[in-house]
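Data block below; observations after.
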Amino acid sequence: MGLEGWRVFSAATILGILFFHGFCLSEKAPNYTFVHEATSAPDVSFYDYIIIGGGTAGCPLASTLSQNYSVLLLERGGSPYGNPNITNLNAFGAPLSDLSPSSPSQRFISEDGVINARARVLGGGSCLNAGFYSRASTSYVRDLGWDGKLVNESYEWVEKKVAFEPPVKQWQSAVRDGLIESGVRPYNGFTYDHLYGTKVGGTIFDQNGTRHTAADLLEYANPKGLTVLLHATVHKILFRTKGRSKPLAHGVIFRDAARIKHKAYLKAGARNEVIVSAGALGSPQLLMLSGIGPEDHLRHHNITVIYHQPFVGLGMYDNPMNAIYVPSPSPVEVSLIQVVGITRFGSYIEAASGENFAGGSASRDFGMFSPKIGQLSTLPPKQRTPEALAKAIDDMSKLDAVAFSGGFILEKTMGPLSNGYLMLRQKNPNANPSVTFNYFQEPEDLQRCVDGIKVIESIIESKSFSKFRYDDLTLQVLLNMTANSPVNLLPKHSNASTSLEQFCKDTVMTIWHYHGGCQVNRVVDEDYKVLGVDNLRVIDGSTFYDSPGTNPQATVMMLGRYMGVTMLNERLASEKSN
Ligand SMILES: Cc1cc2nc3c(=O)[nH]c(=O)nc-3n(C[C@H](O)[C@H](O)[C@H](O)COP(=O)(O)OP(=O)(O)OC[C@H]3O[C@@H](n4cnc5c(N)ncnc54)[C@H](O)[C@@H]3O)c2cc1C
Ligand SMILES: *[C@@H]1O[C@H](CO)[C@@H](O)[C@H](O)[C@H]1NC(C)=O
Ligand SMILES: *[C@@H]1O[C@H](CO)[C@@H](O)[C@H](O)[C@H]1NC(C)=O
Ligand SMILES: *[C@@H]1O[C@H](CO)[C@@H](O)[C@H](O)[C@H]1NC(C)=O
Ligand SMILES: *[C@@H]1O[C@H](CO)[C@@H](O)[C@H](O)[C@H]1NC(C)=O
Ligand SMILES: *[C@@H]1O[C@H](CO)[C@@H](O)[C@H](O)[C@H]1NC(C)=O
Ligand SMILES: *[C@@H]1O[C@H](CO)[C@@H](O)[C@H](O)[C@H]1NC(C)=O
Ligand SMILES: *[C@@H]1O[C@H](CO)[C@@H](O)[C@H](O)[C@H]1NC(C)=O
Ligand SMILES: *[C@@H]1O[C@H](CO)[C@@H](O)[C@H](O)[C@H]1NC(C)=O
């Protein structure tokens, strides 16, 4: 099989990784005077705006509103600064494999059986993600009725702080050229724009491999207008109902690291607001815990119903990700996503290569596709038990270093169309709700996956990619590869190597772009105001129907800025007219 060849390059690969990507310095903590532990907060405090969730949308929103108003930003996690697990590109797997309660990542497993992760840190998902930065298409922006000029200004505001051009090395270049050779054209070069064809996108990792995050957007804040509290978990939004036709959000209850309760209220002022930016799991969960959701479900959990809203928690989407591992006879660089093929049939092709180290230690890891972080495509989702996961991790630890020379070419199914729902399991906001995504329930999603896998096959077989594949490993063999190895993509159904449909279903993983649960025109209106109550908005990825662009974070950060500016402008106009 020519696999002996792996050995020859192993030492060089490992040295190369250590030398070029080894142990970068972590980013220096910025001089934020407004970030404090929640334990230092008073029992009761008052602000113009209270934002729940210091994540990818919450940080840019807080910075923007702080320009003219007093803002409280409550984040349940800690600071990302000074943590090399977050800051270093080659530690990608470390936070995702840290299952402790203090980890910046909280694992969750959907009812479908796919293992997934959600952020628990200031900066949110931008502290955990693979860094790829790419804008939404102009048609996405137009269809939502967003103001295109303000959208562009908001993207630029974000990009000035956190977006970079990646250093495209040999392996990523081969994927890029393979895409072009496979007909994913034209080649659009390096651009943030969403254009059909092949391109190099942006990244939040700088030239030194150091991650920049949404927390860096707090550098724009007015320090006099902003208070950020860490380890502040919001348990409930408070409403005033007496003598009102609509419940009015007027404060929140949160607990600090010592589990001490605090209250924060909106100052008197008709236009002061509470804003939920707790992400696609956190936002619908917190609305339900606060009494906004399907009444039967709330009653079942003994939650006082504030507003019966059957759509909260509906429309939960997670884009399926499927990948093929391609072992390489030549050394490969460590890379996260840099190149993307934007096809016309609704599949995005991306890739990642090389060995990642968990937490700077020399333990071998497949990075974005490691069982340590919960990726386990060797078994159909329902069979991904804790025992199966432990076995895959053990198997991986026994692999020869040479097995890590290679890369994954993945496809993300656009949209998707298939979706499910979120429900509470219990009243503790720290516990994960139950969530069902119904991967591939819609036949169009399955077709997009199959078509995507065919493009991946064509890339592997392209002339451009020849240096990074073993010629005697056919696609059939790759699909069916290496028993006893965690990169074995041999699914349990024996027909999966011949049926790409079955391959898609059996090897489905997440690319962590899950969204929905508080969608526009169902839970919030077009200004992101929660229907049925006053002074409450939701601004984050939970409002989306489709995942924007090829990867969502650019648009999530943009939305935080965009809505902050929109709210300031609306308020200025109304105050002028009064
Ligand atoms: C591993 C991984 C890889 C990814 N790769 C990419 C990529 O390469 N490119 C890309 O564009 N996108 C990527 N994504 C997706 C992207 O990062 C997310 O879509 C985005 O960060 C979601 O932003 P959000 O603001 O909706 O939620 P989050 O960023 O998750 O923010 C929600 C915040 O709210 C906090 N919170 C929740 N509940 C409470 C509460 N009750 N009280 C207080 N705080 C609370 C959370 O701790 C969190 O910080 C990836 C995501 C992950 C996890
Ligand atoms: C941090 O900022 C404050 C206020 O702007 C300033 O007084 C202080 O000197 C700064 N500290 C450092 C270490 O730069
Ligand atoms: C980094 O990640 C490793 C592995 O998951 C974990 O053991 C370690 O505690 C983490 N370090 C920090 C500073 O979070
Ligand atoms: C926004 O920028 C994109 C390019 O990134 C451009 O195609 C589009 O026309 C711009 N929209 C507006 C309204 O300026
Ligand atoms: C990369 O590191 C060098 C040397 O420490 C530093 O001068 C440079 O500013 C860093 N680049 C970025 C984008 O931070
Ligand atoms: C709801 O309250 C009732 C009566 O106090 C109790 O029996 C029941 O267990 C509670 N249910 C939940 C889900 O907490
Ligand atoms: C794939 O694996 C199955 C089950 O182990 C085996 O029967 C089949 O021959 C393999 N096919 C190829 C092309 O390797
Ligand atoms: C593959 O085999 C499984 C189990 O026998 C079966 O349920 C499934 O329908 C088959 N898939 C295809 C596409 O033939
Ligand atoms: C912010 O406040 C300043 C000073 O009060 C005022 O001049 C400006 O118009 C305000 N801007 C916005 C966007 O509210």
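As the structure lists them, so they are numbered: ligands from 1, and atoms in each ligand from 1. We're numbering straight along the sequence, starting at 1.
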Does the structure place the NZ or CZ of Arg244 under 6.0 Å from the centre of the six-membered ring of Phe239, at an angle of no more than 45° from the ring's axis?
no

Ring of Tyr196, cation from Arg344 - is the NZ or CZ under 6.0 Å from the centre and inside 45° of the axis?
yes

Given [options], identify the one with the heavy atom nearest to [atom].
atom	options	result
atom 6 (C) of ligand 9	Leu65, Leu568, Asn68	Asn68
atom 11 (N) of ligand 4	Asn152, Thr138, Thr191, Asp193	Asn152
atom 9 (O) of ligand 9	Leu572, Val565, Asn222	Leu572

Which pair of non-hydrogen atoms, one from Gln172 and one from Leu336, has the smallest distance, and what is that distance?
NE2-O, 3.2 Å

Closer than 4.0 Å: a protein non-hydrogen atom to atom 14 (O) of ligand 4:
yes

Can you check whether a protein heavy atom sits less than 4.0 angstrom from atom 1 (C) of ligand 9?
yes

For Lys149, atoms of ligand 4 separated by under 4.0 Å from a heavy atom:
13 (C)

Atoms of ligand 5 under 4.0 Å from any heavy atom of Gln207, numbered from 1 in the order shown, are 13 (C)

With Tyr81 as partner, the option from Asp216, Thr87, Thr213 fulfilling side-chain hydrogen bond (donor to acceptor under 3.5 Å, both in side chains) is Asp216

Regarding Lys199 and Ser134, is there a side-chain donor-to-acceptor distance under 3.5 Å anywhere?
yes

Whether the Gln553 and Thr56 side chains hold a donor-acceptor pair (N or O, under 3.5 Å, no angle test) is what I'd like checked.
no

